[in-house]
Amino acid sequence: MANDAPVALRLHQVSVTRGQQTILKEVSLRIPEGQAVAIIGPSGAGKSTLLEQLRLHHAEQVSWCPQAPGLVPMLNLYNNVYMGRLHQRTTLANIANLICPKRQDVEEIAVLATSLGLLNGDPKRLYQSAERFSGGEQQRISLARALYQQRSIFIGDEPVSAIDELHAITVLQQIKAAHRTMVVALHDVELALGCCERIIALNNGRIVLDQLSSEISRNQLLALYPHEQY
Ligand SMILES: Nc1ncnc2c1ncn2[C@@H]1O[C@H](COP(=O)(O)OP(=O)(O)OP(=O)(O)O)[C@@H](O)[C@H]1O
């Protein structure tokens, strides 16, 4: 696949074994800067494991959005998002934030939360504990935390699976616009074809397809899911 841009993410013959099972089998991969890539494949194919390897190999550049929201339930929306930049700030600044958040941080997170439809016109929702948001909203808080990291590469494991189809497209476009490179595991092949220029399919720990979306048909992708009904 010709692309002269510098490589943003690279794996070279990476294998991952857990217990008796080899989950990734000598996977090699180069993702150029500027590309939006969907990782697809049936459940258990190794998508999360592949994303984990990409993240571990490029930790400093990556904004990471895991499959489970991973929020602190009793902390409010604001503080859960603020955690995205904990490591970029001093311990003192982080403690001060818990007592008296800076206006600039509050405003920035409010803008982000609004853009993801989390405030519904009510700024007080910024101070509502995460556990009082719905599953889909909690996923969007997790996304806001990843976006707040402001890194050049976004890696997300099913980042829009709890968001309805219409909003999922908008949210993926928003993620794309905020990062130079995006790699997301998606179970929805339509979404993958519509929002990502390159599709990488995994099966049983191996890459079985790696093509530009413009060169693949929907049926070709559906054939990768023989046991699932669409
Ligand atoms: N920590 C672990 N210990 C043992 N086996 C594991 C571990 N993590 C994952 N696996 C196994 O590795 C395989 C791939 O898992 P992985 O989560 O990467 O798949 P996936 O394609 O992301 O699946 P899904 O779409 O269901 O999230 C599965 O068979 C899973 O049971």
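Computation of the quantities below employed the complete heavy-atom set of this structure, encompassing side-chain atoms and omitting hydrogens, waters and symmetry-equivalent molecules. Quick caveat: nothing in here was measured; it's all calculated off a predicted structure. When a ligand or atom number is given, it counts from 1 through the structure's own listing order.
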What is the closest protein heavy atom to [atom], and at what distance does it sit?
atom                    : value
atom 8 (N) of ligand 1  : Arg18 NH1, 3.5 Å
atom 19 (O) of ligand 1 : Gly46 N, 3.3 Å
atom 6 (C) of ligand 1  : Ile23 CD1, 3.7 Å
atom 14 (C) of ligand 1 : Gly44 O, 3.3 Å
atom 15 (O) of ligand 1 : Thr49 OG1, 3.9 Å
atom 26 (O) of ligand 1 : Ser43 OG, 2.6 Å

Is it the case that over 12 heavy atoms from other parts of the model lie below 6.0 angstrom from the [atom1] atom of [X]?
X      : atom1 : answer
Leu92  : CG    : no
Arg89  : CZ    : yes
Gln88  : CD    : yes
Glu215 : CD    : yes

Does ligand 1 have any atom that is closer than 4.0 Å to a heavy atom of [X]?
X      : answer
Gly205 : no
Gly41  : no
Gly19  : no
His187 : no

### Message
Working note: Val37 + Thr181, criterion side-chain contact (heavy atoms from CB on, under 4.5 Å); need CA distance, chi angles, decisive distance, verdict.
### Response
CA-CA 8 Å; Val37 181; Thr181 310; 5.9 Å; no
### Query
Which is closest to atom 25 (O) of ligand 1 in terms of heavy atoms, Gln53, Gln21, Lys47?
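Heavy atom nearest to atom 25 (O) of ligand 1 belongs to Lys47.
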With a 4.0 Å cut-off on N to O distance, would you call [X] and [Y] a salt bridge?
X      : Y      : result
Glu108 : Arg85  : yes
Arg18  : Glu52  : yes
Lys47  : Asp157 : no

Give the atom numbers and elements of ligand 1 that come within less than 4.0 Å of a heavy atom of [X].
X     : result
Ser48 : 17 (O), 18 (O), 20 (P), 22 (O), 27 (O)
Pro42 : 21 (O)
Gln67 : 27 (O)

### Query
After noting the C-alpha distance and the side-chain angles of His187 and Glu158, does the key distance pass the side-chain contact (heavy atoms from CB on, under 4.5 Å) rule?
CA-CA 7 Å; His187 68 263; Glu158 301 280 2; 2.9 Å; yes
### Task
Test Glu137 against Arg125 for salt bridge (charged side-chain N to carboxylate O under 4.0 Å, His left out), laying out the working first.
CA-CA 11 Å; Glu137 287 170 335; Arg125 278 167 68 91; 2.9 Å; yes
### Query
Does ligand 1 have a heavy atom under 4.0 Å from the side chain of Ala185, from its backbone, from both, or from neither?
neither
### Glu158 contact mode with ligand 1 (heavy-atom cut-off under 4.0 Å)
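The answer is neither.
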### Task
Could you go through the side-chain contact (heavy atoms from CB on, under 4.5 Å) check for Val16 and Thr22 one step at a time?
CA-CA 6 Å; Val16 174; Thr22 303; over 6 Å; no
### Message
Please tell me if atom 30 (C) of ligand 1 is touched by the protein, where touching means a protein heavy-atom distance below 4.0 Å.
### Response
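When distances to the protein are checked, atom 30 (C) of ligand 1 has no heavy atom within 4.0 Å.
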